[in-house]
Structures are given as structure tokens and as C-alpha cells.
Amino acid sequence: SNSEGSYTQILNICYDVCMKVNSAKFIKEIASDDEILGNGIPQVAFIGRSNVGKSTVINTLTKVKDLARTSSFPGRTQRINLFLINGNTYFVDLPGYGFARLSHVEREAITDLIDSYFFHSLYKQKKVVLIIDASIGLTDTDLDMLRALEEHGKDVIILANKIDKLKNSEYKKQVKKIEDSTVGHPIIFFSSESKVGIKELTNAVLD
Ligand code: GTP
Ligand code: MG
């Protein structure tokens, strides 16, 4: 009916404009445990393989170009970087896992930092955004991370990133492949390059 129609429209308009990043501020770089992570402010964590675009996603969402440091070389982020969004939510930028070219000691330190943040602490994440490269799909290390997050009861969103790299002809096949390996989790297709998925991700992580 007419009234149902306009009700749906109002909901859609709200979906489009409701969640917004109004302010974004770098707070702190953390090398190990820090009591700030237990202060009760909700955390949205961004995790994924090195160079998959975690820090760039944070810059894209906040529309602040150099808020989080990025690099074309894997291994840019080596500590936990904390950003305060809208005065009420932390975005947590983590180092990437699975980068073979770091030294053994550096890799071990990063693995320990990620594990202690997610799995050996009482820190809670409101959402964990597991970022993968859409053109590659989930690697074995991505699957290991997903399983570990699931075992610890984390609320995981899959962000299939860099979809600008996907050829049209590969798109459907890749989407199906990613869906099949992430059953039970929402998937957002995203690109900082072509500005796809920004509204969806903002709505999924902020409220
Ligand atoms: P680490 O901190 O080393 O773990 O990397 P990261 O996951 O934070 O990646 P970062 O944001 O530093 O980006 C890595 C590279 O990917 C940079 O060269 C970015 O320009 C590039 N990149 C990020 N997002 C996109 C995207 O949507 N499309 C394409 N084609 N490249 C992207
Ligand atoms: Mg980074």
C-alpha cells in the first residue's frame, strides 16, 4: 500500500544518512597492554594480512587522508593505533599478520600483539572487521584468523577489499568463493580507490 511504501522510503533515507563520521582523532600508539583498552569505550578493530589496506580503510571511512599511516610496503603498521571516532567509539588499527619479509623477531612481536589483543585479554570488540583482498579471497592465514575469532565469540564482519582490482569477468566467481568460506558473517565489498562500500561499513560499525 501507499503508506507502507513511504514508510520503507523513510527507513531507506535514514539508512543512507544516519551513521556518519563527524570527528576522528588519533589518540595513542600502543605496543603492548594498555589500560586505555579497558576503559569501556566501544572498540571496532580492523585486522587482516599485511598490506591488505586496513589503515587505508580507516582513512577512507573518516575522510582524513593521513589519519592512519599507510604504505605500499607491507609491515607499515607495527603497533596498535587507537583513533577516537565521534567522541564515542575507538577504531583500532592493528598490524597485519602473515608478512614473511619481516625478521623472525618482528613477526613474533606482531603475532604476540595481535593474539594478546584479541585472545589473551579481557578487551571486548563491538565489531571485528576482518579485511581480505577480494581478488585473492581467504588465504590459509585468513581462515586461521577467522576460526580463532569465531572460537572467541567475536562479532566478525568480512570486508572484501580492493574490489577495484577485480575484473568484471571474475567478479561473480570471487563473490561466491568468499561467501562460501565465510558462512555466518556479513560481507561488505569495498574499495578505497573507487569509493565502494563506505556507507555500508559506516552503518555496520557505528551506531
Ligand atoms: P600494514 O599496516 O602493513 O599491515 O598494511 P595495511 O593493511 O594497513 O595496508 P595500507 O592501508 O597501508 O595499504 C597498503 C597498500 O594498499 C597501499 O599501497 C594502498 O594504497 C593500497 N590500497 C589500499 N586500499 C586500496 C584499494 O581499495 N584498492 C587498491 N587498488 N589499493 C588499495
Ligand atoms: Mg596499516
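Counting convention: from 1, in listed order, for ligands and their atoms alike.
Met145 places a side-chain heavy atom less than 4.5 Å from the side chain of Leu149.
The closest donor-acceptor contact from the side chain of Gln174 to the backbone of Ala134 lies under 3.5 Å. At least one donor-acceptor pair under 3.5 Å links the side chain of Asn86 to the backbone N or O of Lys20. Put simply, the side chain of Ser71 gets close to the backbone of Phe73: a donor and an acceptor are under 3.5 Å apart. No donor-acceptor pair closer than 3.5 Å links the side chain of Lys54 to the backbone N or O of Thr77. Proximity of a side-chain donor or acceptor of Thr70 to a complementary backbone N or O of Asp66 within less than 3.5 Å is not detected.
Counting non-hydrogen atoms of other residues, nucleotides and ligands closer than 6.0 Å to CG of Asn22 gives a total above 12. With a 6.0 Å radius and a threshold of 12 heavy atoms from other residues, nucleotides or ligands, Arg79 has its CZ atom at or below the threshold.
With respect to atom 27 (O) of ligand 1, the closest heavy atom belonging to the protein is Ser192 N, 2.8 Å. Looking at atom 14 (C) of ligand 1, its nearest protein heavy atom turns out to be Asn51 OD1, 3.0 Å. Of the protein's heavy atoms, Thr56 CG2, 3.7 Å lies nearest to atom 24 (N) of ligand 1. Counting only heavy atoms of the protein, atom 12 (O) of ligand 1 lies nearest to Ser71 N, 3.0 Å. In this structure, the protein non-hydrogen atom closest to atom 32 (C) of ligand 1 is Lys162 CE, 3.6 Å. Given atom 18 (O) of ligand 1, the protein heavy atom at minimum distance is Ser72 CA, 3.3 Å.
Atoms of ligand 1 lying under 4.0 Å from at least one heavy atom of Asp164, given by number and element, are 26 (C), 27 (O), 28 (N), 29 (C), 30 (N). Residue Gly96 approaches ligand 1 through these ligand atoms, each under 4.0 Å from one of its heavy atoms: 4 (O). Of all atoms in ligand 1, numbered sequentially from 1 with element shown, those under 4.0 Å from a heavy atom of Arg76 are 1 (P), 2 (O), 3 (O). Near Lys54, meaning under 4.0 Å from one of its heavy atoms, ligand 1 places the atoms 1 (P), 4 (O), 5 (O), 6 (P), 7 (O), 8 (O), 9 (O), 11 (O).
Across Val57, Ile58, Val64, Thr56, a single residue satisfies side chain to side chain contact (heavy atoms under 4.5 Å, CB included) together with Thr60, and that is Thr56.
Polar contact with ligand 1: present for Val52 (N/O pair, distance under 3.5 Å). Polar contact check, Thr77 against ligand 1: a nitrogen or oxygen pair lies under 3.5 Å apart. The shortest N or O to N or O distance between Lys165 and ligand 1 is not below 3.5 Å. The shortest N or O to N or O distance between Asp93 and ligand 1 is not below 3.5 Å.
Ile47 and Pro95 make their closest contact through CD1-O, 3.8 Å (heavy atoms, listed as atom of the first residue, atom of the second, distance).
A salt bridge links Arg49 and Asp142; the closest N-O separation between the charged side-chain nitrogens and carboxylate oxygens is under 4.0 Å. Between Arg147 and Glu150 there is a salt bridge, since at least one side-chain N of the basic residue sits less than 4.0 Å from a carboxylate O of the acidic one.
Applying the ring-ring contact (aromatic ring centres under 6.0 Å, His included) test to pairs two or more places apart or on separate chains, none has a residue in residues 165-206.
Within a 4.0 Å radius of atom 5 (O) of ligand 1, the protein has at least one heavy atom.
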Show your working on side-chain hydrogen bond (donor to acceptor under 3.5 Å, both in side chains) between Asp93 and Ser55 and close with a plain yes or no. CA-CA 6 Å; Asp93 189 17; Ser55 301; 2.6 Å; yes
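Remark: distances from the non-hydrogen atoms of Ser191 to ligand 1 include one below 4.0 Å.
Listed by chain and residue number, the protein N/O/S atoms under 2.8 Å of the Mg ion (ligand 2) are Ser55 OG, Thr77 OG1, with waters left out.
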